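None of these values were measured; they are calculated from a predicted model.
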Amino acid sequence: MNIALWIVAGLLATGYLMGGTAMLVLPKERYFALHPSQEYVELFPASFITALGGVKILGAVGLILPAVLGIAPGLVPWAALGFVLLMTGATTVRIIRQEWPNAVGDLVFLACAAFVAWGRFGPEAFVG
């Protein structure tokens, strides 16, 4: 179970780190043009997209570094729970826009984050 949690957390952190970095460093128009799945950005101001990128990067760091460094490893499940909330919002936007394939992808990320949160709050918690 612990290995599965590390693998899922690592994959999530990698994905969120890459996506967050793109949101943080690219202008909104360039980010919008990356892929058709990024069309949702037209709904939000550029400052929101930049802030969301920062949140994704911080969350990605929070999924891995506290446990690796042994400094406040109890933050890991909270980072995962934050991604559950983030992906709930993302899935809601996709459903409103009727972007069904993208909504399914967001639900997969949500389920993975929920798995990490459940595992790290429960059976494989870093702190007793």
Side-chain angles (χ1 to χ4, degrees):
M1 175 68 80
N2 187 44
I3 293 170
L5 287 164
W6 272 109
I7 290 169
V8 173
L11 291 172
L12 283 173
T14 301
Y16 285 120
L17 186 62
M18 291 186 327
T21 300
M23 293 174 111
L24 194 63
V25 301
L26 295 176
K28 179 181 171 181
E29 296 75 24
R30 177 72 178 105
Y31 185 76
F32 177 84
L34 283 177
H35 192 269
S37 67
Q38 307 310 335
E39 292 178 354
Y40 69 92
V41 300
E42 68 188 4
L43 300 174
F44 304 102
S47 58
F48 178 81
I49 301 303
T50 302
L52 188 58
V55 167
K56 286 183 174 186
I57 290 170
L58 289 174
V61 168
L63 282 175
I64 302 297
L65 278 187
V68 169
L69 298 177
I71 300 171
L75 293 176
V76 172
W78 290 104
L81 188 58
F83 279 130
V84 169
L85 296 174
L86 181 76
M87 295 315 297
T88 299
T91 304
T92 302
V93 169
R94 301 290 195 178
I95 291 170
I96 290 170
R97 293 177 52 89
Q98 298 182 357
E99 297 174 357
W100 306 116
N102 296 328
V104 171
D106 288 347
L107 284 172
V108 169
F109 273 88
L110 189 153
C112 289
F115 171 69
V116 173
W118 167 80
R120 293 305 183 200
F121 274 125
E124 292 290 335
F126 290 119
V127 292

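Here CG of Asn102 is found 11.5 Å from CD1 of Ile95. Values are rounded to the nearest 0.5 Å. A distance of 5.5 Å separates CG of Leu110 from OG1 of Thr91, quoted to the nearest 0.5 Å. Taken from CG in Leu63 to CG in Leu58, the straight-line distance is 11.5 Å, to the nearest 0.5 Å. To the nearest 0.5 Å, atoms OG1 (Thr92) and CE (Met87) are separated by 10.0 Å.
Of all heavy-atom pairs spanning Thr21 and Leu17, the tightest one is OG1-O, 2.7 Å. Of all non-hydrogen atoms in Met1 and Glu124, the two that sit nearest each other are CG-CG, 3.5 Å. Heavy-atom minimum distance, Tyr16 versus Leu86: CE2-CD2, 4.4 Å. For the residue pair Ala60 and Ala13, the shortest heavy atom distance occurs at CB-O, 3.4 Å. Considering all non-hydrogen atoms of both residues, Ala117 and Ala80 come closest at N-CB, 3.6 Å. Between Val41 and Ile49 the shortest heavy-atom distance is CG1-CD1, 3.7 Å.
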Apply side-chain contact (heavy atoms from CB on, under 4.5 Å) to the pair Leu75 and Leu65, showing each step before the final yes or no. CA-CA 10 Å; Leu75 293 176; Leu65 278 187; over 6 Å; no
Any chance you could lay out the side-chain contact (heavy atoms from CB on, under 4.5 Å) test for Asp106 and Val93, step after step, and finish with the verdict? CA-CA 10 Å; Asp106 288 347; Val93 169; over 6 Å; no
Residues Phe121, Leu81; criterion side-chain contact (heavy atoms from CB on, under 4.5 Å); working and verdict: CA-CA 10 Å; Phe121 274 125; Leu81 188 58; 4.3 Å; yes
Apply side-chain contact (heavy atoms from CB on, under 4.5 Å) to Leu12 and Phe83, showing your working. CA-CA 9 Å; Leu12 283 173; Phe83 279 130; 5.8 Å; no
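Arg97 is listed as a side-chain neighbour of Leu43, based on a closest heavy-atom distance under 4.5 Å. A heavy-atom distance below 4.5 Å is found between the side chains of Arg120 and Asn2. Looking at heavy atoms from C-beta onward, Pro123 lies in side-chain contact with Trp118 at the 4.5 angstrom threshold. Using a 4.5 Å heavy-atom threshold, the side chains of Val68 and Trp6 count as touching. Between Gln98 and Trp100, the closest side-chain pair of non-hydrogen atoms falls below 4.5 Å.
Cluster annotation: Ile7 is not connected to Val84 through the hydrophobic network of ILVMFWY side chains, with a link wherever side-chain heavy atoms come within less than 4.5 Å.
Under the 3.5 Å distance criterion, the side-chain polar atoms of Lys28 are matched with a main-chain donor or acceptor of Phe44.
For Ile3, the CD1 atom is loosely surrounded, since the number of other residues' heavy atoms within 6.0 Å does not exceed 12. Within 6.0 Å of CZ on Phe109 lie no more than 12 heavy atoms contributed by other residues, nucleotides or ligands.
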